[in-house]
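In what follows, a single structure is set out as structure tokens and then discussed.
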Amino acid sequence: MAFFSGLKKIFSPARTAREESTGKIEPGEKVRGRPRVHVLATGGTIAGRLVSTGPRYRAGVLGVEALLDAVPALRGLADYSGEQVANIGSQDMDDDLWLKLARRVNELLDGQYTDGIVITHGTDTLEETACFLDLTVRTPKPVVLVGAIRPAGALGADGAVNLLDAVSVAANPGSAGRGVLVVMHGSLFEARDITKVSTSGFPAFAAPNSGPLGQLVDGRVYYGQRAGLSPKRPFFDVSRLDKLPPVGIVYGHSGVSDAPVKALVEAGCRGIVSAGVGSGNLHHDVLAALANASSRGVVVVRASRVPSGLTLRNMEVDDNRYGFVAAGMLNPQKARVLLQLVLTRTRKPEEVQRMFDGY
Ligand code: ASP
């Protein structure tokens, strides 16, 4: 796989008169005291292009330099550099790339030469990568994910304005200490609550429980008021990990079967997240299969397939009795991310619950 093969391929090898006027810099260069933003490109529709045969467009085609060149207004916001980390549709995002991305972001921000990072990403799994980085990157400096739902060349393509907004957030000192952020369609969100809410329309993202953290107008960010991040927020150092524990998701519906739960246990999953109905409720067959899994040391987290609201302990399900964990505000896909990380430390449901409660 070509992931990270582009790590050394950072453009703008030498500073030129043209670059003075474009804002493009070599990573690490300090110019005129302006903020230095480094853009890590991973693919997605924001790097997509229309094609004439087969599907309407292909994600992950344009390189980082083309993305940046398409937004000349960036030069008014920051000095910036770019790096191609991957060029994939985010439906192909995986643990390996997450771990590499977390290491790279930590490495860049631990150094003194980068003030903020923007990560361009496909929208399909953007929320999961944002959540993963939120839990594995320790820095007050801004880390901002951004995508687009229309490829370059499409009517109403949203990539350029979203990228401009994302760089504006990453360059803004007011963005510090807010955890990993996501910018889409004029709104700014925290990683924890954001989720994709439309496959095709604008706005494609929302934070159903907490709402947006701020708004963007003409490339300027306006923050709303918000209490700071929880001091109990867990952090996971993944610098020495080359694998994450396998965790699967089972989806609830009428007439559901317990077969997926059994299959995940059989496949060696160390944790299972249930995307249950209502407040994370479980059909009695699924409840029995999950109780059995839990008694065999598989950590079971109850989340809900409902887009907003909380999944709290011991509502209709006796979590104490079965040793289950309640996902709280996290949707199933983010509960899975957190559970993968928590399982690198503990399998004890009470401790797992504490970490879920702290996020
Ligand atoms: N499949 C694309 C992706 O997630 C969709 C998008 O970016 O909007 O990479």
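This structure is a prediction, so every number in the text was calculated from the model and none was measured. Both ligands and their constituent atoms are indexed starting at 1 by order of listing.
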Numbered atoms and elements of ligand 1 in range of Gly89, under 4.0 angstrom, heavy atoms: 9 (O)
Nearest non-hydrogen protein atom, atom 8 (O) of ligand 1: Thr123 OG1, 2.5 Å
Mutual orientation of the aromatic rings belonging to Trp98 and Phe132 [parallel < 30°, tilted 30-60°, perpendicular > 60°]: parallel
Polar proximity ligand 1 side, Thr125 side, N/O cut 3.5 Å exclusive: no
Under 4.0 Å to a heavy atom of Gly44 - the qualifying atoms of ligand 1, by number: 7 (O), 9 (O)
Atoms in ligand 1 flagged as close to Gln91, the criterion being non-hydrogen separation under 4.0 Å: 1 (N), 2 (C), 3 (C), 4 (O), 9 (O)
Numbering as shown, the atoms of ligand 1 that approach Gly122 to under 4.0 Å (heavy-atom distance): 3 (C), 4 (O), 7 (O), 9 (O)
Atoms of ligand 1, numbered as shown, that sit under 4.0 Å from any heavy atom of Ala148: 6 (C), 7 (O), 8 (O)
Cation-pi, Tyr322 ring and Arg302 (6.0 angstrom, 45 degrees): no
His121 versus Thr42, side-chain donor and acceptor atoms under 3.5 Å: no
Val143 with Met93, same ILVMFWY side-chain cluster at under 4.5 Å: yes
Short side-chain donor-acceptor distance under 3.5 Å, Asp193 and Ser210: yes
Heavy atom of the protein closest to atom 4 (O) of ligand 1 (residue, atom name, distance): Ser90 OG, 2.5 Å
Common cluster, Val298/Leu338, ILVMFWY with side-chain heavy-atom separation under 4.5 Å: no
Close side-chain approach of Asn209 to Arg192, heavy-atom, < 4.5 Å: no
Atom 6 (C) of ligand 1: the protein heavy-atom neighbour that sits closest, reported with distance to 0.1 Å: Thr45 OG1, 2.8 Å
